[in-house]
Colleague: 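Here's a structure for you.
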Amino acid sequence: MSVKIDITGHLGVKKQLQLLQLPAAKRRRLLGQVGRKVRTYSRKRLREQRDLNGQPWQARKKKANRRMLRGLSKKMRSKATPEKVVIDFKDSVTGGIAYKHQHGVSEYWNAEKADKVYGQPDYDAPATRAQAKALRKENYKIRRTNGRGWKQPSLKWVTENLTVGQAGIILRSMREAEPKKSWVIPLPDRSFLGVTEKEVAELATTIIDQTLERS
């Protein structure tokens, strides 16, 4: 995932010519300044959890207080040459994550991929609280201690008396569903990398103009 920043379109013909006439080293320094500023803009959007249009990102389906896309700021970098400036990431894995969120690319999963990423679950481990909550939602019931009638078990009872495997089988049975062989996780776009037209105009009228004036 990378973006190339081109601000020459926001300069008049005279300034474009002046820019091209600068020594290569000076052009690279100038574009380096542009790149660092763009990186600052992008990091600010990550902190504020807002997209390029200034709108808040779509929240996770599951409520959580953690910020989304944590850690991307530290791996974001800018690279400049006398001809261009590029904003990207230090490694391809981070770049891939950024691309999926920037463009809202849905993820295709299957059991094999899930096993590779998360490992095989321990089916003999105690049932999780998530499974316990799911069982309660499906109205799972157990016999009362005295054997008279049925009741919904507490979350604690489920986690202490059922295993991951048992809870999974019960849930599938209650839902009358076969284990999914593949599934798609839709991912909303959460753009943050790059610059808006307003920001490009600001760059053109500050960094570029100041450099040309000093030349």
Colleague: For Thr81, does its backbone N or O pair with a side-chain atom of Arg27 as donor and acceptor, under 3.5 Å?
Modeller: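 Side chain of Arg27 to backbone of Thr81, a donor-acceptor pair under 3.5 Å: no, none is there.
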Colleague: Keeping the roles fixed (side chain from Glu199, backbone from Tyr41), state whether a donor-acceptor pair exists under 3.5 Å.
Modeller: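 No; zero donor-acceptor contacts below 3.5 Å.
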Colleague: Under the side-chain contact (heavy atoms from CB on, under 4.5 Å) rule, what do Asp51 and Arg45 come out as? Steps first, then yes or no, please.
Modeller: CA-CA 6 Å; Asp51 63 21; Arg45 280 188 280 272; 6.0 Å; no
Colleague: With a 4.0 Å cut-off on N to O distance, would you call Arg77 and Asp88 a salt bridge?
Modeller: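 Result for this pair is yes, salt bridge flagged.
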Colleague: Is Phe89 linked to Leu69 within one hydrophobic cluster, defined over Ile, Leu, Val, Met, Phe, Trp and Tyr using a side-chain heavy-atom separation of less than 4.5 Å?
Modeller: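 Yes.
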Colleague: Determine whether Gln33 and Arg29 make a side-chain contact, defined as any pair of heavy atoms from C-beta on separated by less than 4.5 Å.
Modeller: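 Result no, sub-4.5 Å side-chain heavy-atom pair not found.
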Colleague: Give the intermediate values and the outcome of side-chain contact (heavy atoms from CB on, under 4.5 Å) for residues Lys133 and Arg129.
Modeller: CA-CA 6 Å; Lys133 289 179 181 179; Arg129 283 183 63 84; 4.2 Å; yes
Colleague: Can you label the angle between the Trp157 ring and the Tyr140 ring as parallel, tilted or perpendicular, going by 30° and 60°?
Modeller: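 Tilted.
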Colleague: If you define the side chain from C-beta out and look only at heavy atoms, does anything of Val3 sit under 4.5 Å from Val195?
Modeller: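 No; the side chains remain at least 4.5 Å from each other.
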Colleague: Under 6.0 Å from the OH atom of Tyr99, do we count more than 12 heavy atoms belonging to anything else shown?
Modeller: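 No, OH of Tyr99 has 12 or fewer neighbouring heavy atoms, counting only those of other groups under 6.0 Å.
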Colleague: Hey, does Val85 have a side-chain heavy atom less than 4.5 Å from the side chain of Val38?
Modeller: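 The answer is no, as the side chains (C-beta and beyond) never meet within the 4.5 Å cut-off.
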Colleague: Heavy atoms, side chains only, cut-off 4.5 Å: are Leu193 and Met76 in contact?
Modeller: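 Sidechains of Met76 and Leu193: in contact.
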Colleague: Within the side chain of Asp189, is there an N or O that forms a donor-acceptor pair under 3.5 Å with the backbone of Ser191?
Modeller: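 Not a single qualifying donor-acceptor pair exists.
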Colleague: Should Ile142 and Met174 be regarded as members of a common hydrophobic cluster, given that ILVMFWY residues are connected when their side-chain heavy atoms come within less than 4.5 Å of each other, either directly or indirectly?
Modeller: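 Linked within one cluster.
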Colleague: Taking C-beta and beyond as the side chain, do Asp122 and Val164 meet within less than 4.5 Å on heavy atoms?
Modeller: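 No, side chains not in contact.
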Colleague: Counting distance only, does the side-chain N/O of Ser2 pair as donor-acceptor with the main-chain N or O of Val86 below 3.5 Å?
Modeller: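 No, Ser2 side chain to Val86 backbone: no donor-acceptor pair under 3.5 Å.
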Colleague: Examine distances only and state if a side-chain atom of Glu138 and a backbone atom of Leu171 form a donor-acceptor pair shorter than 3.5 Å.
Modeller: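 Pair absent, no side-chain N/O of Glu138 close to backbone of Leu171.
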Colleague: Can you tell me if CZ on Arg136 sees more than 12 non-hydrogen neighbours from other groups inside 6.0 Å?
Modeller: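 More than 12 heavy atoms, drawn from other residues, nucleotides or ligands, come within 6.0 Å of this atom.
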Colleague: Please check if Leu72 and Val105 belong to a single hydrophobic cluster, counting links between Ile, Leu, Val, Met, Phe, Trp and Tyr side chain heavy atoms closer than 4.5 Å.
Modeller: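 In one cluster with Leu72: Val105, yes.
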Colleague: So, does Ser42 use its side chain to make a donor-acceptor pair with the main chain of Gly194 at under 3.5 Å?
Modeller: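 The answer is yes, because a donor-acceptor pair under 3.5 Å joins these two groups.
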Colleague: Is a donor on one side and an acceptor on the other found under 3.5 Å between the side chain of Arg190 and the backbone of Trp57?
Modeller: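 No, Arg190 side chain to Trp57 backbone: no donor-acceptor pair under 3.5 Å.
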Colleague: Cluster question for you: counting only ILVMFWY and a side-chain heavy-atom cut-off of under 4.5 Å, with indirect links fine, are Phe192 and Leu52 together?
Modeller: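 Phe192 and Leu52: separate clusters.
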Colleague: Taking everything shown except Arg143 itself, do over 12 heavy atoms lie less than 6.0 Å from its CZ?
Modeller: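 Yes, CZ of Arg143 has more than 12 neighbouring heavy atoms, counting only those of other groups under 6.0 Å.
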